[in-house]
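Letters A, B, ... mirror the listed sequences (proteins, then strands); counts begin at 1.
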Amino acid sequence: MSAAPSLAPQVRLRHDAARGQWVLLAPERVVVLDEVAHAILSRLDGRTTIDGIAAALAREYEAPPAEIAADVREALEDLHRKGLVRL
Amino acid sequence: MSAIPPPLGLLAELTHRCPLGCPYCSNPLALEKRGDELDTATWQRVMREAAALGVLQLHLSGGEPAARRDLEDILATAAEEGLYTNLITSGVLLDRARLNGLASAGLNHVQLSIQHAEAGAADRIAHFQGAHARKLALAEQVREAGLALTINAVLHRGNLDAVAAMIALAEQLGAGRLEIAHAQYHGWALRNRAALMPEPAQVEESRRIVAEARQRLEGRMVIDFVAPDYHASRPKACMGGWGQRFLNVSPGGAVLPCHAAETIPGMRFERVTERGLADIWYGSAAFSRFRGTGWMPEPCRSCERREIDWGGCRCQALALTGDAARTDPVCALSPDHGSVLDAIAERAGDAVAWRR
């Protein structure tokens, strides 16, 4: 789990202006993202590790890094089970 | 009634032309002719209007969408507008070069139909010699092009016993997703219903096989299963409810709440050449006719599921009762539920009218 996560192939992250939200688009699927999920997914670049993402989010939200890392890991593992994220 | 939401998906039926002759085709019996199809610029305008309206997913369909030589141009406009692009195809008019061109134009996802797991049977159902082999080749090319691949199989009496083999084939082809849908009796499928109608025991066995495969393949291949309407006791929310989530544009530009809606007598569907897509979605009489719950008769009107299934399918109510405004007879609470049981019992010989 030390590798850098990324969106699965042909999964797109985009802003949905008509509904004022961020979504993941995949075959026959639209996944509406909450603020936390969007904050995580917008940092997936195929180079930054989960710990790196968690550290950046901890700085931004002034939260404890260990707690944030657990949340990030859980969110990404959930999206991985749905086939939307590569770990 | 709550505010009307913007549509999530657009099904663009670019053409009714198709080299295959599948007897369960959902296209209308009176197919639209090439000369009546919208031109490239109009389809491109439809894509821009759809994106502005809030559509996120575009399904390019037909007929066979690749029968249009301007598929690439229409697709490119959709991709530029940020639409997630799905190509629903028989595969037989695509080769590697054309597929790669579509990928460059921004295609995300190919949904490729199969008719059976064995070539002989598949080609008989498709009424097209060599179709199956070309589909298998294309599946590989889709993966090589880095596109998402769904295998799509419509189930009926003639292939239901091969459902396990079709699941295995989708796995072998490397599909990320498999859509197995029992035939829905509209268009050509309604005409051929007696020949397509499965035996109840076959239906039960297919449910068991699909449930087992879903469990076994979790995390590797998503299986979306569309259960057969007639063998259910509660209806589906057809298209997520009339005018709730989807719109459909026919080859000639009629804007429809579902692909079979034109079979409903007495309704007029406005065209993209007459009025903007947003105006039609929010303001046309046709989209308002069965939207929400105000139109519902009993038993729907007081049913706790009325905003779950939205009264079921209007075209199915029409086909089975002659009145599109009645409760979908698939519902066991419908006073017309006997018409479904009669249709299930009306299984006849295997002779079909090929789509043409």
Visitor: So, using ring-ring contact (aromatic ring centres under 6.0 Å, His included) as the criterion, who are the partners of B:Trp242 when residues are at least two apart?
Guide: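 Here the qualifying residues are B:Phe290.
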
Visitor: Let me see the donor-acceptor pairs closer than 3.5 Å between chain B and chain A, or none if nothing turns up.
Guide:
unit_1, atom_1, unit_2, atom_2, d
B:Pro6, O, A:Arg19, NH2, 3.3
B:Pro7, O, A:Arg19, NH2, 2.9
B:Gly54, O, A:Arg19, NH1, 2.9
B:Gly54, O, A:Arg19, NH2, 3.0
B:Gln57, NE2, A:Ala26, O, 2.9
B:Gln57, NE2, A:Arg29, O, 2.9
B:Gly82, O, A:Arg14, NH1, 2.8
B:Tyr84, OH, A:Gln10, O, 2.5
B:Asn108, ND2, A:Gln10, OE1, 2.9
B:Gly146, O, A:Gln10, NE2, 3.0

Visitor: Would you mind checking which part of B:Leu8 comes under 4.5 Å of any heavy atom in chain A, side chain (CB onward), backbone (N, CA, C, O), both or neither?
Guide: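 Contact with chain A involves both backbone and side-chain atoms of B:Leu8.
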
Visitor: Name the option with the most non-hydrogen atom pairs under 4.5 Å to chain B; the candidates are A:Ala17, A:Ala26, A:Pro9, A:Gly83.
Guide: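 Max contact count across the listed options: A:Ala26.
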
Visitor: Examine whether an atom of B:Leu107 lies under 4.5 Å from a heavy atom of chain A, and if so say whether it belongs to the side chain, the backbone or both; otherwise answer neither.
Guide: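 Contact with chain A involves the backbone of B:Leu107 alone.
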
Visitor: A:Ala18 and B:Gly54: which non-hydrogen atoms are nearest, and at how many Å?
Guide: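 Smallest heavy-atom distance, with atoms named: CB-CA, 3.5 Å.
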
